Undergrad: 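Pasting in a structure now, in structure tokens, and then I'll have a few things to ask.
Worth saying up front: this structure is predicted, and the values here are computed from it rather than measured.
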Amino acid sequence: STSYGAIHAAYRYSVIRRLSVGGIFVYDYNNADAVQMDIKRGKFNNHYMTLAAEVDFKYIDREKFKLYSLIGVGATLLHQVYHDDFITNTEKNSNVFFNFQITPIGIKFGNTFGGLVELGFGYKGIITAGFVYRL
């Protein structure tokens with residue numbers, strides 16, 4: 001199985017100084033070999049698209065440094081394509097399921113442009129790192 005990790009874009013709005021709400025779109029893709037009795041039978045291509053609502057609470061809210069926790073809930077669309085090597089057949093399947101994110105520790109740094117690092121579990125993965133642009 002191979003994966004490059006989730007790519008996401010989010011928007012947040014501060015309701016009060018320490019509490020923000022917003023939404024996120026997450027895209028993830030992976031390939032996996034289908035193996036039966038140690039013989040490769042085919043390959044799965046999986047596309048995951050998630051839309052979710054998120055809430056974060058800032059423990060430290062300084063101009064250039066923020067320490068926060070985050071929770072998110074949403075839905076993920078899985079589009080799966082299976083290619084069978086033996087009968088040259090392709091099967092497609094789509095499914096929607098509930099998904100979530102729990103991030104006990106997140107750090108943002110910078111002012112207008114900056115970065116972030118998060119440790120959590122869910123649709124963004126276990127470790128998230130990226131860039132931040134504030135309007």
Side-chain angles (χ1 to χ4, degrees):
S1 177
T2 59
S3 176
Y4 300 106
I7 299 169
H8 64 274
Y11 176 80
R12 293 204 186 106
Y13 176 78
S14 290
V15 178
I16 56 175
R17 182 172 180 210
R18 294 186 183 265
L19 186 69
S20 297
V21 297
I24 187 167
F25 173 76
V26 183
Y27 175 77
D28 198 1
Y29 172 80
N30 71 2
N31 292 319
D33 291 334
V35 178
Q36 183 180 32
M37 299 187 61
D38 294 331
I39 298 171
K40 183 182 175 233
R41 297 281 313 193
K43 183 175 229 60
F44 287 100
N45 296 322
N46 301 309
H47 299 265
Y48 302 90
M49 292 168 275
T50 302
L51 278 175
E54 293 184 332
V55 176
D56 73 24
F57 178 79
K58 296 169 200 71
Y59 302 106
I60 299 173
D61 187 13
R62 301 221 170 100
E63 185 177 340
K64 294 186 179 187
F65 179 81
K66 297 174 185 342
L67 176 67
Y68 60 93
S69 291
L70 176 143
I71 59 170
V73 293
T76 296
L77 169 65
L78 164 62
H79 179 70
Q80 184 177 69
V81 179
Y82 172 68
H83 305 281
D84 193 315
D85 292 344
F86 287 94
I87 58 174
T88 61
N89 186 27
T90 300
E91 296 178 24
K92 296 180 180 181
N93 182 31
S94 293
N95 195 9
V96 176
F97 56 91
F98 170 79
N99 212 336
F100 67 94
Q101 177 71 34
I102 298 172
T103 302
I105 299 173
I107 297 171
K108 286 183 188 171
F109 50 89
N111 198 0
T112 303
F113 293 99
L116 67 84
V117 176
E118 295 178 349
L119 297 174
F121 179 78
Y123 49 73
K124 290 197 258 183
I126 297 170
I127 300 172
T128 300
F131 300 101
V132 174
Y133 175 71
R134 293 186 185 97
L135 299 174

Undergrad: Specify the closest pair of heavy atoms between R18 and I60, including all atoms of both residues, with the distance to one decimal.
TA: NH1-N, 4.0 Å

Undergrad: Are F65 and F109, when compared by the centres of their aromatic rings, separated by less than 6.0 Å?
TA: no

Undergrad: Run through K108, E118, K58 and flag the one making a side-chain hydrogen bond (donor to acceptor under 3.5 Å, both in side chains) with Y68.
TA: E118

Undergrad: First locate atom CD of Q36, then atom CG of D38, and finally report the distance between them rounded to the nearest 0.5 Å.
TA: 10.5 Å

Undergrad: Taking all non-hydrogen atoms of both residues into account, name the closest pair between P104 and G120 and its distance.
TA: CD-CA, 3.9 Å

Undergrad: Is it the case that one hydrophobic cluster holds both Y11 and Y133, taking links as side-chain heavy atoms less than 4.5 Å apart, direct or via other members?
TA: yes

Undergrad: Look up atom CG in D56 and atom OG in S69, then write down how far apart they are to the nearest 0.5 Å.
TA: 9.0 Å

Undergrad: Would you say I24 and V73 are hydrophobically clustered, going by side-chain heavy atoms of ILVMFWY under 4.5 Å?
TA: no

Undergrad: Can you find a heavy atom in the side chain of Y27 that is under 4.5 Å from one in the side chain of H47?
TA: yes

Undergrad: Verify the cluster assignment for V117 and V132: are they in a single hydrophobic cluster under the rule of side-chain heavy atoms below 4.5 Å apart?
TA: no

Undergrad: Is there a continuous path of hydrophobic side-chain contacts, each under 4.5 Å between heavy atoms, that joins F25 to L77?
TA: yes

Undergrad: Less than 6.0 angstrom separating the ring centers of Y59 and F57, yes or no?
TA: yes

Undergrad: Mark yes when over 12 heavy atoms from residues, nucleotides or ligands other than Y13 sit less than 6.0 Å from its OH; otherwise mark no.
TA: no

Undergrad: To the nearest 0.5 Å, what is the distance between CG (N31) and CG (N45)?
TA: 4.5 Å

Undergrad: Can you spot which of N95, L51, T50 makes a side chain to side chain contact (heavy atoms under 4.5 Å, CB included) with T76?
TA: T50

Undergrad: Identify which one of T103, T128, I127 satisfies the side chain to side chain contact (heavy atoms under 4.5 Å, CB included) criterion when paired with L119.
TA: I127

Undergrad: Testing the basics here: between G125 and Q101, what is the closest heavy-atom pair and its distance to 0.1 Å?
TA: O-NE2, 3.9 Å

Undergrad: Taking atom CD of E54 and atom OH of Y123, what is their separation to the nearest 0.5 Å?
TA: 3.5 Å

Undergrad: Are more than 12 heavy atoms from other residues, nucleotides or ligands located less than 6.0 Å from atom CD1 of I16?
TA: yes

Undergrad: Check N30 against S3 and note the closest heavy-atom contact, atom names and distance.
TA: CB-CB, 3.7 Å

Undergrad: Please indicate whether F98 has more than 12 foreign heavy atoms, meaning atoms of other residues, nucleotides or ligands, lying under 6.0 Å from its CZ.
TA: yes

Undergrad: Does any part of the side chain of L70, heavy atoms only, come nearer than 4.5 Å to the side chain of R12, both counted from C-beta?
TA: yes

Undergrad: Rounded at 0.5 Å granularity, tell me how far CG in D28 sits from CG in N46.
TA: 9.5 Å

Undergrad: Got a second to check how far R62's CZ is from L67's CG, nearest 0.5 Å?
TA: 10.0 Å

Undergrad: Looking at every non-hydrogen atom in both residues, tell me the closest pair between F44 and A34 and how far apart they are.
TA: CE1-CB, 3.6 Å

Undergrad: Which heavy atom of K66 sits nearest a heavy atom of D61, and at what distance?
TA: NZ-OD1, 2.7 Å

Undergrad: Same hydrophobic cluster for V96 and Y29, using side-chain heavy-atom links shorter than 4.5 Å among ILVMFWY?
TA: yes

Undergrad: So does R134 have more than 12 non-hydrogen atoms from other groups sitting under 6.0 Å from CZ?
TA: yes

